[in-house]
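Order of the sequence lines sets the chain letters (A, B, ...), proteins ahead of strands, with each chain counted from 1.
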Amino acid sequence: MSLPFNIASHLDTSLRAAAGQLGMLDRGFEPEVRVADPTHGDFQANGALAFAKREKQNPRVLAQQIVDRLGGLAGDFEIGLAGPGFINFRLKPAALLAWLLAYDSETHLQTGAARARAGQKWIVDYSSPNTAKQMHVGHLRSAVIGEAICRLLAFSGAHVVRDNHIGDWGTQFGKLIWAYKRHLDPAALAAEPLEEFERLYKLGNNAAAADSAVLTAAQQELVRLQNGDAGNLAIWQKINDASLAAFQQIYDQLGIKFDVTLGESFYNDKVDRVYRELTAGGLAQESEGALVVFHPEHPRFKTQPFIVRKKDGASNYASTDLATILYRAEHFQVDGAAYVIDFRQSDHLAQLFLTARKWFEKTGRKLPQLEHVDFGTVLGENNKPLQTRDGEHIRLKALLSEARERAYSLVTARSPEAPEAERRAIADIVGVASVQYADLAQNRSSDYVFAWDKMISLEGNTAAYLLYAVARVHSIFRKAGMDVLQPPIAGASAPATAAEINLARKLTQFADAVQLATNSLRPHYLCTYLHELAGEFSTFYGADKVIVDEAPVRARRLLLCHRTLVVLETGLHLLGLRPLERM
RNA sequence: GCACCCGUAGCUCAAUUGGAUAGAGCGCAUGGCUACGAACCAUGAGGUUGGGGGUUCGAGUCCCUCCGGGUGCGCCA
């Protein structure tokens, strides 16, 4: 019997069966299987300890009773008992070989992984910039982390809807339209539309500040827009279209393609229902002229209101966010929604989710699982939010160009003999991947310091280290005149050297890394894994020559190389990075 | 004032959510290219996990309390 894709779940199942025979299952036994330190084994089960503690039994005796009922695993694992009651599992070389033979492509890895969330539907709300403004460094993390999360969820079998919840209905449009009508430079609009919109907005803003007549005129433009004035709507539409086209240039570099772009304007006609239902349900109340929701049971939200309608009657982002949840539940019928948004909006989202829960309860609806995927700030090397020297936001477009340029200098220094076009192509991938990876590799909850040297110096836990490992595998096949798509692995013997075994066992842990990253919505777990895998490969590469005369040895080493390639490339795809064959 | 997040090696960060001797990378020291890519590998030094108390078989992780940093708190999103 061959091992399934996810070995940890396989062990979990067997342990539950054994515990069931002992009558432990209905008393809350949890196997707690996890990847183990190599000194102990490949996987370990800790569940006997917690269970014995609760039941006031001897954990070691308990663990032994479980082990005695794991006979079915004896073919694939060496099973041991250690310490106060840890159960250790070490894969036998033949089992490692069998797993490697079975999972031979990204498709088959995905088939294995896709059981976890088959039938689920998730919507991921990420990027979500404001229109009429350029994307800046503050938009980087949501886009990069959000895309990785989409890919992880999809890989795990979920149907994923990528939603760009753009800010396309702000009060800024009054001043912008006022200026647009009077000061538009058509040539600038054609060349760099967002530059032109920003110039116009500043112009309108300054004029309104200096002259109250202009301010009034701008406010009237906004009212006209909101009342459906055809001319203003056309301008508004043009601004949004141009903005989205400019955003897409960034998204193309980051490998992002949205399924839907449903911004705030989309929910304009859907907020009245929110007001009605919240009021009818007794959840919302008038306060200082506004419609607000309090949460008496909450230490802070009992006094900090959730303002769902402003005193002037207008909606705000609380109203549209509530309407958005309803739309996602009714129209998309999602099981879950992930909001990839800055940690500074934690209060807003907590109030939003709390309000939605009560609202859905009152109205008898099923609330999707709502997750705030928060992340910290991108800091400069002075530990302050990253800015240009004159205190402006750093534009994403410029940041990505600089990444490509820096990578180009490096590639040129390393490989001056390569053709210009090839160096450019490599640099485009390495540069952007470095930025993405630097963001993903760190636990999203904390701030991170943006340091060019660290991310493109190509050492340590960086994109380049992973890409280098990929390039070296390709190189082995290329030099040996073999087709990497048809690796000659027939007759491969089981992993035998220390480096081979360490690499093989690391490969089998891919499933666990994906599951951990997906369930916690934290891509850095996958990054850590891929870095460790690339490290095991480098060690193996240095220790054991692949192209040797002895056929079974050569075949098994080619097998390891090929599977390393498949897992690394699959992992890079999951993070939203593009692999390359040479660098 | 109230609330939330953070504090781990000189630096940047992990630690599978309470598990085994707290691990990586950078930097530092030493060694390795006539071996498939040295953008690499091997070995080594480096820690009172901000301080103190508590919970238990077991705490970087949970609770309390100080210290230090960040963020949010009625009509921007």
Side-chain angles (χ1 to χ4, degrees), chain A residues 8 32-37 39-40 44 46 49-50 52-53 59 82-86 88 128 130 167 169-172 264 287-292 298-301 303-312 314 316-318 320-321 341-348 350 374 376-377 379 383 385 410-411 413-415 430 441-443 445-449 451 453-454 457-462 464-465 467-469 471-480 512-513 515-517 519-520 522 524-525 527-529 531-532 535 538-548 557 561 582-583:
Chain A
E32 296 184 36
V33 179
R34 45 207 62 167
V35 170
D37 184 280
T39 55
H40 302 118
Q44 62 181 35
N46 301 344
L49 284 95
K53 180 180 181 176
F86 299 107
N88 291 327
S128 307
N130 291 330
W169 201 252
T171 46
Q172 74 270 26
E264 284 157 8
S287 170
E288 298 177 26
L291 187 66
V292 306
H298 193 280
R300 205 153 14 102
F301 303 148
T303 53
Q304 183 179 319
F306 190 52
I307 299 171
V308 299
R309 190 179 63 206
K310 300 194 284 186
K311 67 181 172 193
D312 64 3
N316 63 0
Y317 77 141
T320 51
D321 281 356
I341 301 179
D342 200 316
F343 77 103
R344 284 174 295 190
Q345 291 195 40
S346 298
D347 273 5
H348 169 71
D374 65 341
T377 310
L379 304 176
N383 277 341
L410 209 75
V411 171
R414 296 282 176 189
S415 317
V430 172
Q442 185 157 138
N443 188 333
S445 294
S446 41
D447 296 346
Y448 85 96
V449 177
D453 291 345
K454 290 213 170 60
S457 77
L458 312 184
E459 289 171 330
N461 187 6
T462 60
Y465 184 78
L467 293 171
Y468 181 61
R472 285 209 292 192
V473 178
H474 276 292
S475 180
I476 291 169
F477 283 92
R478 198 161 50 231
K479 286 273 169 57
D512 189 76
Q515 190 173 54
L516 189 58
N519 289 347
S520 61
R522 294 183 188 276
H524 82 278
Y525 284 116
C527 296
T528 301
Y529 167 80
H531 180 240
E532 288 170 357
S538 290
T539 301
F540 159 76
Y541 183 91
D544 296 332
K545 187 163 167 56
V546 176
I547 306 301
V548 294
R557 290 184 182 165
C561 287
R582 301 172 197 257
M583 62 184 285

Shorter than 3.5 Å, N or O on both sides, protein versus nucleotides 1-3 of chain B: list them out with atom names.
| unit_1 | atom_1 | unit_2 | atom_2 | d |
| --- | --- | --- | --- | --- |
| B/A3 | O2' | A/Arg300 | NE | 2.6 |
| B/A3 | O2' | A/Arg300 | NH2 | 2.7 |

(request) Report the residue (A/Tyr541 or A/Thr303) whose heavy-atom-nearest nucleotide on RNA chain B is the more 5′ of the two. (result) A/Tyr541

(request) Whole angstrom is fine here: how far is it from CE in A/Met583 over to P in B/G37? (result) 14 Å

(request) Check salt bridge (charged side-chain N to carboxylate O under 4.0 Å, His left out) between A/Arg309 and all other residues, then give those that pass, not counting sequence neighbours. (result) A/Glu286

(message) Restricting to side chain to side chain donor-acceptor pair (under 3.5 Å), what partner residues turn up for A/Thr377, sequence neighbours left out?
(response) none

(request) Specify the residue among A/Ser538 and A/Glu288 whose closest nucleotide of RNA chain B lies further upstream toward the 5′ end. (result) A/Ser538

(message) Whole angstroms only, please: what is the CZ-P distance between A/Arg582 and B/G37?
(response) 11 Å

(request) Check A/Asp447 against A/Gln442 and note the closest heavy-atom contact, atom names and distance. (result) O-OE1, 2.9 Å

(request) Sort out the partner of B/U71 for me: Watson-Crick or G-U wobble, both distances under 3.5 Å, none otherwise. (result) B/A3

(message) Heavy atoms only, 4.0 Å cut-off, all strands: where does A/Ala441 land among base, sugar-phosphate and nothing?
(response) nothing

(message) Using whole Å, what does the distance between atom C1' of nucleotide B/G7 and atom CD of A/Gln442 come to?
(response) 14 Å

(request) State the pairing partner of B/G18; accept Watson-Crick or G-U wobble contacts with both distances under 3.5 Å, and report none otherwise. (result) none

(message) In this structure, how many angstroms lie between the C1' atom of B/C4 and the CG atom of A/Asp342, rounded?
(response) 14 Å

(message) Counting the atoms with a prime plus P, OP1 and OP2 as sugar-phosphate, which does A/Asn519 contact under 4.0 Å by heavy atoms, base, sugar-phosphate, or nothing?
(response) nothing

(message) Under the rule for side chain to side chain donor-acceptor pair (under 3.5 Å), what residues qualify as partners of A/Gln44, not counting sequence neighbours?
(response) A/Asn46

(message) Taking pairing as Watson-Crick or G-U wobble with both contacts under 3.5 Å, can you name the mate of B/A42, or confirm there isn't one?
(response) B/U30

(request) List for me each residue that meets salt bridge (charged side-chain N to carboxylate O under 4.0 Å, His left out) alongside A/Asp374, sequence neighbours excluded, and say none if there are none. (result) A/Arg444

(request) Could you let me know what B/U49 is paired to, Watson-Crick or G-U wobble, both distances under 3.5 Å, or none if it's on its own? (result) none

(request) Check every strand shown and say whether A/Ser475 touches a base, only sugar-phosphate, or nothing at a heavy-atom separation below 4.0 Å. (result) base

(request) Measure the distance from CG on A/Asn383 to P on B/G68 and round it to the nearest whole Å. (result) 18 Å

(message) Is the ring pair A/His348/A/Phe306 parallel, tilted or perpendicular, if the boundaries are 30 and 60 degrees?
(response) tilted

(request) Quick one: closest heavy-atom pair of A/Tyr465 and A/Gly460, and the distance? (result) CB-O, 3.4 Å

(message) Strictly by Watson-Crick or wobble contacts shorter than 3.5 Å, is anything paired with B/A24, and which nucleotide is it?
(response) B/U12

(message) Among residues at least two apart in sequence or on other chains, which ones pass side chain to side chain contact (heavy atoms under 4.5 Å, CB included) with A/Asn443?
(response) A/Ser445, A/Ser446, A/Arg522, A/His524

(request) Find the distance A/Leu467:CG to B/G37:P and express it as a whole number of Å. (result) 17 Å

(message) For B/C41 and A/Tyr465 - does any side-chain N or O of the residue sit under 4.0 Å from the phosphate oxygens OP1/OP2?
(response) yes

(message) Could you tell me how far apart A/Lys454 (NZ) and B/C26 (P) are, to the nearest whole angstrom?
(response) 11 Å

(request) Identify which nucleotide among B/G37, B/G74, B/A14 has an atom closest to any side-chain atom of A/Ile307, counting heavy atoms from C-beta outward. (result) B/G74

Return the polar atom pairs (N/O with N/O) between nucleotides 17-24 of chain B and the protein under 3.5 Å, or none.
| unit_1 | atom_1 | unit_2 | atom_2 | d |
| --- | --- | --- | --- | --- |
| B/U17 | OP1 | A/Arg34 | NH1 | 2.4 |
| B/U17 | OP2 | A/Arg34 | NE | 3.0 |
| B/U17 | OP2 | A/Arg34 | NH1 | 2.8 |
| B/U17 | OP2 | A/Arg34 | NH2 | 2.1 |
| B/G19 | OP2 | A/Arg34 | NH1 | 3.1 |
| B/A20 | N7 | A/Gln44 | OE1 | 3.0 |
| B/A20 | N6 | A/Gln44 | OE1 | 2.8 |
| B/A20 | N6 | A/Asn88 | OD1 | 2.4 |
| B/A20 | N6 | A/Asn88 | ND2 | 3.4 |
| B/A20 | N1 | A/Asn88 | ND2 | 3.2 |

(message) Once side chain to side chain contact (heavy atoms under 4.5 Å, CB included) is applied, do any residues pair with A/Thr539, and if so which ones, sequence neighbours excluded?
(response) none

(request) Tell me whether B/U48 sits syn or anti, counting syn as a glycosidic angle within 90° of 0. (result) anti

(request) Would you indicate what A/Ala480 reaches in the nucleic acid, counting non-hydrogen atoms under 4.0 angstrom: base, sugar-phosphate, or nothing? (result) nothing

(message) Which residues pass the side chain to side chain donor-acceptor pair (under 3.5 Å) test with A/His531, not counting sequence neighbours?
(response) none

(request) Rounded to the nearest angstrom, tell me the gap between atom CG in A/Asp453 and atom P in B/U12. (result) 14 Å

(message) Using every non-hydrogen atom in the two residues, find where A/Asn316 and A/Val308 come nearest and quote the distance to one decimal.
(response) OD1-O, 3.7 Å

(message) Students often get this wrong, so: under 4.0 angstrom with heavy atoms, is A/Ser287 touching a base, only sugar-phosphate, or nothing?
(response) base

(request) Remember a base hit wins even if backbone is also touched, and classify A/Asp321 as base, sugar-phosphate or nothing at under 4.0 Å, heavy atoms. (result) nothing

(message) Tell me if the side-chain of A/Thr377 makes a donor-acceptor pair with the base of B/G70, cut-off 3.5 Å, by modelled atom types.
(response) no

